[in-house]
Novice: 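Quick one: structure below, then a few questions.
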Protein chains: 2
Amino acid sequence: MDALRLDDQVCFAVHAASRALDAVYRRELAALGLTYPQYLVMLVLWERGQVSVKDLGLALRLDSGTLSPLLKRLEAAGLVRRERDPGDERSVLVRLTPEGTLLRARAEPLPRRIMEASGMGPDELADLHRTLGRLTRSLTESAGRP
Amino acid sequence: MDALRLDDQVCFAVHAASRALDAVYRRELAALGLTYPQYLVMLVLWERGQVSVKDLGLALRLDSGTLSPLLKRLEAAGLVRRERDPGDERSVLVRLTPEGTLLRARAEPLPRRIMEASGMGPDELADLHRTLGRLTRSLTESAGRP
DNA sequence: TGCAACTCGATTGTGCACAACTTAATTGAG
DNA sequence: CTCAATTAAGTTGTGCACAATCGAGTTGCA
């Protein structure tokens with residue numbers, strides 16, 4: 001077999017799956033006025049209520065270059081507020097507005113709909129989840145020390 | 001369990017894995033002067049030698065809005081040439097330059113290095129590959145008819 | 001205490017991804 | 001044969017992702 005054949009490369013399969021998921025989420029989230037990465041940010045906020053930009057970056061593995069403009073758009077949409085942490089003026093705290101909190105209810109049915117679109121059962125999805133977690137960890141570690 | 005918990009969502013696992021792979025490829029491909037999507041295009045060209053923009057889009061599931069500027073950059077780098085198909089002037093054929101053909105040798109060791117960084121065995125990777133293929137197909141089909 | 005090192009976030013620049021639209025070439029129904 | 005519909009690329013605009021860099025604020029240690 002040819003090591004460079006496109007169809008044989010797992011990288012492409014991951015890439016393609018990621019974009020296919022993105023497309024499905026794009027459709028489902030359009031009604032909420034959110035993009036998929038904005039939805040991820042909202043998930044963290046619905047879980048924790050309030051979070052610093054740094055902790056958001058740790059949770060989502062995104063840096064400030066991605067988060068700063070994204071959070072500005074969420075703020076412009078009236079879903080979050082940003083303010084300096086009084087205890088440490090370097091840090092910016094992001095928290096939900098009432099509108100942002102209310103949006104949660106409308107996001108609630110989403111995971112089930114995506115699961116149905118995936119055509120896979122809960123066990124299979126859990127398995128995939130574990131495998132991908134392991135892959136991500138390995139890749140991240142190997143990237144750390146070249 | 002809470003359906004909206006970030007850690008429980010497969011979508012995030014796929015997204016994170018895709019970006020982690022991207023990061024590893026970024027490092028490996030830097031020496032070749034390629035980005036990861038440019039590498040995917042080169043894979044197709046190394047396989048087929050010559051391809052229309054349309055067929056490239058079908059193979060990679062990318063539209064002209066993504067491919068046009070990407071191909072311009074590959075052309076500026078001297079790796080490909082683009083010319084109208086004499087048989088159908090709407091179509092643009094992309095083909096390798098000698099430099100582009102030569103680059104293949106330097107890309108050859110890449111899949112093995114990525115496989116090592118993944119920390120997974122061939123069987124496990126093949127399994128993941130199959131699962132992701134199925135997932136992508138289901139999602140694409142469900143996106144087709146909302 | 002004073003200043004060097006570090007932390008946090010924002011900004012800038014490049015490139016990918018996609019939607020919506022434009023233009024040019026081709027096809028086909030009447 | 002003609003012209004409306006279709007097809008192929010390209011263009012424009014928006015948003016995500018990341019590297020590199022900057023400036024303000026904090027910490028630690030000499």
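Each chain gets a letter, A, B and so on, in the order its sequence line appears, and its residues count up from 1. Since the structure is predicted, the reported quantities are computational estimates derived from the model, not experimental observations.
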Novice: Closer to the 5' end of DNA chain D via nearest nucleotide, is it A:Leu62 or A:Pro86?
Specialist: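 Closer to the 5' end of DNA chain D: A:Leu62.
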Novice: Would you indicate which nucleotide in D:dA9, C:dA10, D:dG15 comes nearest to any side-chain atom of B:Val92?
Specialist: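 Ranking D:dA9, C:dA10, D:dG15 by closest atom to the B:Val92 side chain puts D:dA9 first.
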Novice: Looking across every strand, which nucleic acid part, if any, lies under 4.0 Å from B:Thr66 by heavy atom: base, sugar-phosphate, or nothing?
Specialist: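 It contacts base atoms.
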Novice: For A:Arg82 and C:dA10, is the shortest distance between a side-chain N/O and OP1 or OP2 below 4.0 Å?
Specialist: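 Answer yes for this pair, as a side-chain N or O of A:Arg82 is under 4.0 Å from OP1 or OP2.
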Novice: Which nucleotide sits closest to the side chain of A:Asp88: C:dA17, D:dG25, D:dC18?
Specialist: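 Looking only at heavy atoms from C-beta outward on A:Asp88, the closest nucleotide is D:dG25.
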Novice: Please determine if a side-chain N or O atom of B:Ser91 lies less than 4.0 Å away from the OP1 or OP2 oxygen of C:dA25.
Specialist: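 Looking at the OP1 and OP2 atoms of C:dA25, neither is under 4.0 Å from any side-chain N or O of B:Ser91.
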Novice: For atom CZ of B:Arg113, decide whether the heavy atoms of other residues, nucleotides or ligands shown that lie under 6.0 angstrom number more than 12.
Specialist: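 Count not over threshold, so no.
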Novice: With heavy atoms under 4.0 Å as the rule, sort A:Leu67 into base, sugar-phosphate or nothing.
Specialist: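 Since no nucleic acid heavy atom lies under 4.0 Å of A:Leu67, the category is nothing.
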Novice: Can you identify which nucleotide, out of D:dG10, D:dC18, C:dA19, has its nearest atom closest to the B:Val53 side chain?
Specialist: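 Given the options D:dG10, D:dC18, C:dA19, the side chain of B:Val53 is closest to D:dG10.
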Novice: Grab the two heavy atoms, one from B:Phe12 and one from A:Ala59, that are nearest each other, plus how far apart they are.
Specialist: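 Where B:Phe12 meets A:Ala59 most closely, the heavy atoms are CZ-O, 3.5 Å.
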Novice: Indicate whether OP1 or OP2 belonging to C:dT11 is found under 4.0 Å from a side-chain N or O atom of A:Lys72.
Specialist: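 For C:dT11, OP1/OP2 do have a side-chain N/O of A:Lys72 under 4.0 Å.
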Novice: Anything below 3.5 Å on both distances counts as a pair; with that, list the stems of at least three consecutive Watson-Crick or G-U pairs involving DNA chain C.
Specialist: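 In DNA chain C, stems of three or more pairs: C:1-30 with D:1-30.
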Novice: Of B:Ser68 and A:Tyr36, whose closest DNA chain D nucleotide lies nearer the 5' terminus?
Specialist: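 Whichever sits nearer the 5' end wins; that is B:Ser68.
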Novice: Is the CZ atom of A:Arg134 crowded by more than 12 outside heavy atoms at less than 6.0 Å?
Specialist: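 More than 12 within 6.0 Å, yes.
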Novice: Can you see if the side chain of B:Arg84 gets near the phosphate of C:dT26 - specifically, an N or O under 4.0 Å from OP1 or OP2?
Specialist: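 Answer is no, no contact under 4.0 Å.
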Novice: Same cluster or not: A:Leu93 versus A:Leu62, using hydrophobic residues (I, L, V, M, F, W, Y) connected whenever any side-chain heavy atoms lie under 4.5 Å apart?
Specialist: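 No; A:Leu62 is not reachable from A:Leu93 via cluster members.
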Novice: Could you state the OH-P distance from B:Tyr25 to D:dC18, rounded to the nearest angstrom?
Specialist: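 Those two atoms, OH and P, are 17 Å apart.
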Novice: How many Å lie between CG on A:Leu93 and C1' on C:dC8, as a whole number?
Specialist: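 Result: 12 Å.
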Novice: Taking the nucleotide of DNA chain C with the nearest heavy atom to each, does A:Ser52 or B:Arg90 sit closer to the 5' end?
Specialist: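 It is A:Ser52 whose nearest nucleotide is closer to the 5' end.
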Novice: A:Leu29 has an atom CG; how far is it from atom P of D:dG15, in whole Å?
Specialist: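 Going from A:Leu29 (CG) to D:dG15 (P), I get 15 Å.
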Novice: What is the distance from atom NE2 of A:His15 to atom CD of A:Gln9, rounded to the nearest 0.5 Å?
Specialist: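 Spacing of NE2 (A:His15) from CD (A:Gln9) equals 12.5 Å.
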Novice: Starting the side chain at C-beta, find the nucleotide from C:dA25, D:dG25, D:dG15 nearest to A:Glu89.
Specialist: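 Selected nucleotide (nearest to the side chain): D:dG25.
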Novice: Checking all strands, does B:Asp22 fall into the base, sugar-phosphate, or nothing category for heavy-atom contacts under 4.0 angstrom?
Specialist: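 Counting heavy atoms under 4.0 Å across all strands, no contact is made by B:Asp22.
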Novice: Please name the pair of heavy atoms, one in A:Ala13 and one in B:Thr136, separated by the smallest distance, quoted to 0.1 Å.
Specialist: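 It is O-OG1, 4.3 Å.
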Novice: Once hydrogens and angles are ignored, does a donor-acceptor distance under 3.5 Å link the base of C:dA10 to the side chain of A:Ser64?
Specialist: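 Answer is yes: a donor-acceptor pair is held.
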Novice: Is A:Asp22 paired with A:Arg19 through a side-chain N to carboxylate O contact shorter than 4.0 Å?
Specialist: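 Here A:Arg19 does not pair with A:Asp22 in a salt bridge, since their nearest N and O are not under 4.0 Å apart.
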Novice: Under 4.0 Å between a side-chain nitrogen and a carboxylate oxygen: does that hold for A:Arg137 and A:Glu141?
Specialist: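 Looking at A:Arg137 and A:Glu141, the cut-off is not met.
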